[in-house]
Amino acid sequence: MSGDLFDLTGKSALVTGGAQGLGRMIAEGLLRAGATVAITSRKTDVCEGAAAEMAPLGRCVALPADLSTPEAAVDLVARYREAVGPCHILVNNAGKTWGGAIDSFPDKAWPGVMAVNVQTPFTMVRELLPELAGAGTEDDPARVINIGSVAGVKTERLNAYSYAASKAAVHMMTRDLAGDLAERNITVNAVIPGFFPTKMTAHFLDEEKVDPALLAHIPLKRLGKPDDIAGLVVFLCSRAGAYITGAQIPVDGGIVGCG
């Protein structure tokens with residue numbers, strides 16, 4: 001075993017939504033730590049372009065997938081199995097949001113968000129169980145990391161009702177899965193990001209300037225950086241995080257813990 005507590009050499013990971021935003025930050029962190037990483041994106045050109053850009057960091061495999069249905073998740077796992085094989089790490093990051101005033105918030109804003117944010121992560125875990133159980137040992141379990149949100153922990157007044165509800169569901173599902181899969185040497189944890197510069201938070205940014213009201217809301221007075229989210233995920237996936245399961249860990253500049 002390597003002396004480096006955070007070394008992921010020899011590990012294989014699948015990061016859904018890994019071509020952009022938080023997923024890209026996570027994928028790059030896993031690659032830098034030595035893992036082979038497969039990434040997904042709904043758009044083939046975006047997925048393949050991101051994989052090519054990250055190739056200098058390590059082996060990065062593009063697996064385009066629109067994860068809005070359970071059938072698509074099943075197909076993705078089959079393609080991952082063929083392209084990569086073993087799976088030591090699954091990061092359920094792909095997500096969907098919808099914002100709107102409560103008076104006109106549409107019914108159609110619910111099924112798609114719940115499908116992508118809650119059902120797809122569950123299906124991914126279920127379908128990858130043979131690989132995850134096969135990769136995990138008592139001393140070095142396989143890892144599942146579900147990406148939640150501060151909006152699923154506390155009221156953020158984002159008018160994103162289905163999104164907030166879906167992330168709260170992800171946090172609880174994480175605890176259920178952790179309890180059920182511990183005996184199979186699989187840990188399951190939720191990472192709870194605050195505000196990072198991504199497409200989902202673009203409305204808070206104006207030509208790279210951050211809304212002062214948002215910064216005032218964050219105790220550390222800044223947005224998250226790629227190393228902030230990547231560092232936590234690498235920690236959880238490495239030997240350093242082998243004894244942690246069922247946890248919900250904020251990486252949010254203090255929004256949850258100091259609120």
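Values reported hereafter were calculated over all heavy atoms of this structure, with side chains retained and with hydrogens, waters and symmetry mates removed. All of these numbers come straight from a predicted model, not from anything done at the bench. Position 1 is the first residue of the sequence; numbering continues from there.
- Applying the side chain to side chain donor-acceptor pair (under 3.5 Å) definition to pairs two or more places apart or across chains, those involving residues 43-57 are Arg24-Glu53.
- Residues Ser238 and Leu5 fail the side-chain proximity criterion, which asks for heavy atoms closer than 4.5 Å.
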Report task. Starting from the C-alpha separation in whole Å, work towards a yes-or-no answer on side chain to side chain contact (heavy atoms under 4.5 Å, CB included) for Ile102 and Tyr161. Result -> CA-CA 8 Å; Ile102 188 170; Tyr161 303 101; 3.4 Å; yes

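- Val150 pairs with exactly one of Ile192, Ile218, Thr155 by the side chain to side chain contact (heavy atoms under 4.5 Å, CB included) rule, that one being Ile192.
- Looking at every heavy atom in both residues, Gly152 comes nearest to His171 through O-ND1, 3.6 Å.
- Every side chain to side chain contact (heavy atoms under 4.5 Å, CB included) that Ala165 has, sequence neighbours left out, goes to Trp110.
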Under 3.5 Å donor-acceptor pairs involving side-chain atoms of residues 29-36, not counting sequence neighbours:
none

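- For Lys221, there are no salt bridge (Lys or Arg N to Asp or Glu O under 4.0 Å) partners at least two apart in sequence or on another chain.
- Using modelled atom types, one side-chain atom of Thr120 and one backbone atom of Leu67 make a donor-acceptor pair closer than 3.5 Å.
- Here Phe6 pairs with nothing under the ring pair (Phe, Tyr, Trp, His ring centres under 6.0 Å) rule; sequence neighbours left out.
- Two residues are said to be in side-chain contact when any heavy atoms from C-beta on lie closer than 4.5 Å; Ile147 and Pro193 meet this criterion.
- Residues satisfying the salt bridge (Lys or Arg N to Asp or Glu O under 4.0 Å) criterion with Glu127, sequence neighbours excluded, are absent altogether.
- Under the 4.5 Å side-chain criterion, counting only non-hydrogen atoms from C-beta, Thr40 is in contact with Leu14.
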Requested in this report: Go through Gln119 and Met114 one step at a time and tell me if the side chain to side chain contact (heavy atoms under 4.5 Å, CB included) criterion holds.
Outcome: CA-CA 7 Å; Gln119 186 174 5; Met114 297 300 287; over 6 Å; no

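- For Asp75, the salt bridge (Lys or Arg N to Asp or Glu O under 4.0 Å) criterion is met by Arg79, not counting sequence neighbours.
- Screening residues 177-194 for side chain to side chain donor-acceptor pair (under 3.5 Å) gives no qualifying pairs among residues at least two apart or on separate chains.
- With rounding to the nearest 0.5 Å, the separation of NZ in Lys96 from OG in Ser166 is 11.0 Å.
- Among residues two or more places apart in sequence or in another chain, the side chain to side chain contact (heavy atoms under 4.5 Å, CB included) test is passed with Pro111 by none.
- By the 4.5 Å heavy-atom criterion applied to side chains, Val125 and Val188 are not counted as neighbours.
- With hydrogens and angles disregarded, a donor-acceptor distance shorter than 3.5 Å links the side chain of Arg143 to the backbone of Pro141.
- To the nearest 0.5 Å, atom CG of residue Leu177 and atom CZ of residue Arg126 are 11.5 Å apart.
- Once rounded to the nearest 0.5 Å, the distance linking CD of Glu28 with SG of Cys60 reads 9.0 Å.
- Every salt bridge (Lys or Arg N to Asp or Glu O under 4.0 Å) that Arg81 has, sequence neighbours left out, goes to Glu131.
- Considering CZ of Phe195 and CD of Glu156, their distance stands at 4.5 Å, rounded to 0.5 Å.
- Met173 is listed as a side-chain neighbour of Pro121, based on a closest heavy-atom distance under 4.5 Å.
- Counting heavy atoms from C-beta on, the side chains of Val153 and Gln248 never come closer than 4.5 Å.
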Residues 84-94, side-chain donor-acceptor partners within the protein, below 3.5 Å, at least two apart:
{"unit_1": "His88", "atom_1": "ND1", "unit_2": "Ser12", "atom_2": "N", "d": "2.9"}
{"unit_1": "Asn92", "atom_1": "ND2", "unit_2": "Asn146", "atom_2": "OD1", "d": "2.9"}
{"unit_1": "Asn93", "atom_1": "ND2", "unit_2": "Thr16", "atom_2": "O", "d": "3.1"}
{"unit_1": "Asn93", "atom_1": "ND2", "unit_2": "Gly17", "atom_2": "O", "d": "3.2"}

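- No path of Ile, Leu, Val, Met, Phe, Trp and Tyr side chains, each step under 4.5 Å between heavy atoms, connects Val116 with Val77, placing them in separate hydrophobic clusters.
- Put simply, the side chain of Leu76 reaches to within 4.5 Å of the side chain of Leu63, judged on heavy atoms.
- Applying the side-chain hydrogen bond (donor to acceptor under 3.5 Å, both in side chains) test to Asp227 and every residue at least two apart in sequence or in another chain returns nothing.
- For the residue pair Asp139 / Thr137, no side-chain donor-acceptor distance below 3.5 Å is found, with atom types taken as modelled.
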Query raised in the report: side chain to side chain contact (heavy atoms under 4.5 Å, CB included) between Asp140 and Arg239: does it pass, once the steps are laid out?
Result: CA-CA 7 Å; Asp140 189 13; Arg239 193 156 50 92; 5.8 Å; no

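- Considering all non-hydrogen atoms of both residues, Cys47 and Ala19 come closest at CA-CB, 4.1 Å.
- Two residues are said to be in side-chain contact when any heavy atoms from C-beta on lie closer than 4.5 Å; Thr245 and Leu181 fail this criterion.
- A salt bridge is defined here as a Lys NZ or Arg NE, NH1 or NH2 lying under 4.0 Å from an Asp or Glu carboxylate O, and Asp228 with Arg222 meets this definition.
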